[in-house]
Structures are given as structure tokens and as C-alpha cells.
Amino acid sequence: MATTQIVLPGDVVASNQLPTSQKRKIGRGLRPNPTTHEYTATIGGLLEVDYRKKAAQVSAPDARYVPKAGDLVIAQVRGSSIDYFHVYINAHSPPAILPQLAFEGATKKTRPNLKPNDLVYAKVVSAQKNMEVELSCVNPSTGKAEPDGLGPLTNGMVFDVSPGLAERLLKKVGVVALDEMGSRLPGGFEIAVGCNGKVWVECAEAGVRGVCAVGRCLREMDESELKEKEQKKLVNRIMGDLERG
């Protein structure tokens, strides 16, 4: 049997509303109160309780990403015209353009030869209603690709995350797991995070297995609200599995 009800951040969920088994799984969006044995909702959404599976969580649809000037995004090239690359940000965003000369040091002879499905790490320059979003792979104030590392993304893999986790990764708030992974993976890894919920990962030395390990870490961080100690345990588990092959 399963039940659902709407909860808001701060709502108290009584213990008798949840499965009583010691093996129950309390998931995303519920924080325990050690003194009262009750739980507090940390996000708004549907409180889903499945007594058969002995599980409970708050399910909330991830907010849609809306481009705004200054955002970093990972975009996919869909085609090109004389002056622009036409790129895709996500299903909810307007079409986007990237000037072919909007790369560090680019001229008509040296501009990158991007093909459909190639990826770029870019900054939103303009995002106005009923107009195409304009991107750039140089910092508008300096004409340089740094410090954000803008430009084409080669090799590696892209993982989808919630816009909320993407924001935390960009701000480096409460996400120690990736630092832990970087210190333990042979050669570390490169990462680019887009506000549009895309994360590009490349592990030159650890290869595909290393990339997939980072992707697994991102997925589990996104699905659960893990504190620092829990994130370190997650990394230990992932690295253990990786080392065992």
C-alpha cells in the first residue's frame, strides 16, 4: 500500500505516518528530529510513503532551467550558418546561437570547426523574451576563455543533474564528494558544470571507468540529500567498487 500527500518545507511529518520497520528507507526531502522522532520536510512536493517497500521520500519535479545573462551552460551544436553555430541548451529553452568568432583568438581562418552533436561550454550573453539566446565562449569583459574554461568540450561524457545540484556544484556549496573523488582517482578528472543541468566529466588517466564513477557519484548525490560524512562514505563505496573491478 502506498500513500501521498502534499508537504511544504518545514512541515512536520509524524513518525506514525512513516513505515515502522528498522530497515525502512527514508529518502530525499525528509530530515529526522532526534529528540521527537518526527521528520521535517526540507523541500516542497509530494510525500510518498510505500509501506510495502518500507520507504518514504518527498518527490518534487525539478525546476525548469530558464537562461539568463551570465549563466554558464553546456550546449550541443545542432547546425551552423555563415556567422553562427545553432545550439541546443535544453527542451524548455528557446533556440540559441553562438557566433563563430566568439572563441578566444578566433578568426575566419582559425575558428573552430564544430559539427552537429559537438559540445561547447559557453556563457549566456543575452536572453530576452521571444528572441534567440546568444552565447559566447569568451568572457565578454576580457575576450579570454578563462577563468571559466570556455570553449569546445572534447572526449568525456555528459551527465544530467537537477538544476539545484548544478547550482551547488558551481557555488561549491555542500559538495565535498567531488573533491574526495578527485583526490583518489588516478590523475583526477576535469569537470564543467552548466546551469542547465549538464555536467561534463573527463578522466584522462582513469578512462571510462573513472568517468562513470564520477557520474555515479553525481547521480547518488542528486537523489539523496547527503551531508559531508555521508558523501565521504559514498566516495569510499564507489572507489571500493572501482578498485575491485
Using modelled atom types only, decide if a donor and an acceptor are shared between the side chain of [X] and the backbone of [Y] within a distance under 3.5 Å.
X: Gln17; Y: Ala14; result: yes
X: Asn196; Y: Ile74; result: yes
X: Ser224; Y: Met221; result: no
X: Glu220; Y: Cys217; result: no
X: Tyr121; Y: Val193; result: yes
X: Gln100; Y: Pro112; result: no
X: Asp148; Y: Leu150; result: no
X: Arg209; Y: Leu242; result: yes
X: Arg31; Y: Thr40; result: no

Side chain to side chain, [X] and [Y], heavy atoms closer than 4.5 Å:
X: Val211; Y: Phe159; result: yes
X: Ser93; Y: Tyr65; result: yes
X: Asn16; Y: Glu38; result: no
X: Arg24; Y: Leu18; result: yes
X: Ser162; Y: Glu167; result: no
X: Ile6; Y: Leu47; result: no

Give the minimum heavy-atom separation between [X] and [Y], together with the two atoms involved.
X: Glu104; Y: Glu146; answer: OE1-N, 4.4 Å
X: Pro99; Y: Glu134; answer: CG-OE2, 3.7 Å
X: Val214; Y: Cys203; answer: CG2-SG, 4.4 Å
X: Pro19; Y: Ala55; answer: CG-N, 3.7 Å
X: Ile89; Y: Lys198; answer: O-CE, 4.4 Å

Salt-bridge criterion met for [X] and [Y] (N-O under 4.0 Å):
X: Arg184; Y: Glu180; result: no
X: Arg244; Y: Asp241; result: yes
X: Lys68; Y: Asp71; result: yes
X: Lys232; Y: Glu228; result: no

Given side-chain contact (heavy atoms from CB on, under 4.5 Å), test Leu135 with Val87 step by step and report yes or no. CA-CA 9 Å; Leu135 307 179; Val87 300; 3.6 Å; yes
Would you say the side chains of Ser80 and His86 form a donor-acceptor pair under 3.5 Å?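 Note: Ser80 and His86 side chains miss the donor-acceptor criterion.
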Taking atom types as modelled, is there a side-chain donor on Gln5 or Glu48 under 3.5 Å from an acceptor on the other?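 There is no such pair between these side chains.
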Hphob cluster co-occupancy, [X] + [Y], side-chain heavy atoms under 4.5 angstrom:
X: Val176; Y: Leu218; answer: no
X: Tyr88; Y: Met131; answer: no
X: Val58; Y: Ile26; answer: yes

What do you reckon, is CZ of Arg219 surrounded by more than 12 foreign heavy atoms closer than 6.0 Å?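 For Arg219, atom CZ is crowded (more than 12 foreign heavy atoms under 6.0 Å).
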